[in-house]
Enquirer: 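Encoded as structure tokens, here's the structure I'll be asking about.
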Number of protein chains: 2
Amino acid sequence: MADDKDTRLREAAEKLALTLAQGGMQKTTARVMTALLFSRQETMTAGELCEELQISSGAVSGAVKQLIPTGMIERVPAPGSRRDHYRFREHAWATLMSNQNAMLTVMKDSAAEGIEAAGQDGVLGSRLHEMRDFYAYMERQLPALIDQWREQYDSAG
Amino acid sequence: MADDKDTRLREAAEKLALTLAQGGMQKTTARVMTALLFSRQETMTAGELCEELQISSGAVSGAVKQLIPTGMIERVPAPGSRRDHYRFREHAWATLMSNQNAMLTVMKDSAAEGIEAAGQDGVLGSRLHEMRDFYAYMERQLPALIDQWREQYDSAG
DNA sequence: CTTTGCATTTACAGATCTCTGAACGCTGAG
DNA sequence: CTCAGCGTTCAGAGATCTGTAAATGCAAAG
């Protein structure tokens, strides 16, 4: 029974990992992330990840190396143990979306660069103008949206 | 002079393509997209894309095949010419962001699936609960944000 | 109906990426 | 100071992806 639910959990994790992989994320990286996300435990060691996902310790090391800088997971100091413990980070989703803001900035800047070279006129000018306007708008509004969610979520408990 | 600006334009296009490629988009697909985006012309033919990007016609065909379904570019009926003309689509950015809504739904559903299997309690329960709440919120608010931009942009002209 | 010009498809080759297994290095225990 | 137990790094094998060139398909023009 608990075993059955565990199976469903593992399947859900793998399914999501596959979707994320389609969307550009490294396959193993995605699997490590979803394994931590769908784990019943608070944290998992590298060894546990190896066994659960049937991958080498080198692969885990590499995945973790990609995940930590994005803020999705974190290394947890493990007193009394030499093994590294990893945990899916609190508010990771909000962090992830905030990181996407960087991409919005890139897009906006790229449009601005084009306008600088081509001017505001003509087909190209208006195309780039719309692009710059759109991303400037999103760049301003998205963080506000995330903050709103935080407030709403914190107050609702 | 115009040549100089054209160079800057082409460089800006390639630079953005590279960034998009880092973010998971196919390299050639990204190059085709940015070539159309930064083109002075309203539309470009497949042949022009081949020459500009120094790639085969097969590669163009493949890239276009990926780009059209996402709504980023469109095929333009070319009366009096057998060549296909392609154009960067109006409001493509808003479309692109709307498409991301599908991903938000996937995330929300995945969280819900996990909760169904694991319940709301425990570490896992609250982790998934936060995830579901966050994505449900974004799924509702993002389309509204895009609409707001449209209104603002249309009225400002 | 044939020809012509283009787009598309496909098989293949080349490049790239990613994992594994082993060597290496670090840190804490004894 | 040495050993044990990890994590990390690295070279190489394997798989995957992607672009090219050629064959194929299709549609308009003559």
Enquirer: If you check every side-chain atom of A/S61, which of C/dG21, D/dT20, D/dT8 has the closest atom?
Expert: D/dT8

Enquirer: Could you state the CG-C1' distance from B/L49 to C/dT8, rounded to the nearest angstrom?
Expert: 16 Å

Enquirer: Please state how far atom NE2 in B/H85 lies from atom C1' in C/dA7, giving the value in whole angstrom units.
Expert: 13 Å

Enquirer: Step by step, would you call B/M107 with B/E139 a side-chain contact (heavy atoms from CB on, under 4.5 Å)?
Expert: CA-CA 10 Å; B/M107 298 299 253; B/E139 195 187 15; over 6 Å; no

Enquirer: Remember a base hit wins even if backbone is also touched, and classify A/Q66 as base, sugar-phosphate or nothing at under 4.0 Å, heavy atoms.
Expert: nothing

Enquirer: C/dT16 P sits how many Å from A/K27 NZ, rounded?
Expert: 22 Å

Enquirer: Taking CD from B/Q22 and C1' from C/dC17, how many angstroms apart are they, rounded to a whole number?
Expert: 14 Å

Enquirer: What's the closest nucleotide to the A/A46 side chain, out of C/dT20, D/dT8, D/dG7?
Expert: D/dG7

Enquirer: Counting only side-chain nitrogens and oxygens, does A/R75 get under 4.0 Å of the OP1 or OP2 atom of D/dT8?
Expert: yes

Enquirer: When you measure from the side chain of A/R83, which nucleotide among D/dT8, D/dC6, C/dA7 comes out closest?
Expert: D/dC6

Enquirer: Rounded to whole angstroms, how far apart are CD1 on A/I55 and C1' on C/dC17?
Expert: 16 Å

Enquirer: More 5' along DNA chain C: B/D84 or A/T29, using each one's nearest nucleotide?
Expert: B/D84

Enquirer: So does A/Q26 get a side-chain nitrogen or oxygen closer than 4.0 Å to the phosphate oxygens (OP1/OP2) of C/dT18?
Expert: yes

Enquirer: Determine, for A/R83 against A/E48, whether the closest basic-nitrogen to carboxylate-oxygen distance falls under 4.0 angstrom.
Expert: no

Enquirer: Return the orientation label for the A/F88 and A/W93 ring planes: parallel under 30°, perpendicular over 60°, tilted otherwise.
Expert: tilted

Enquirer: Determine the interplanar angle of the B/W149 and A/F134 rings, folded into 0 to 90°, and report it as parallel if under 30°, tilted if 30 to 60°, perpendicular if over 60°.
Expert: perpendicular

Enquirer: Would you say A/R82 reaches C/dT27's phosphate, i.e. side-chain N/O to OP1/OP2 under 4.0 Å?
Expert: no

Enquirer: To the nearest Å, how far apart are A/L67 CG and D/dT8 C1'?
Expert: 17 Å

Enquirer: Is B/R89 reaching over with its side chain to a backbone N or O of B/E74, donor-acceptor style, under 3.5 angstrom?
Expert: no

Enquirer: Check the phosphate of C/dA7 against B/K65, side-chain N and O only, distance under 4.0 Å to OP1 or OP2. Yes or no?
Expert: no

Enquirer: How many Å lie between CD on B/Q54 and P on D/dA21, as a whole number?
Expert: 11 Å

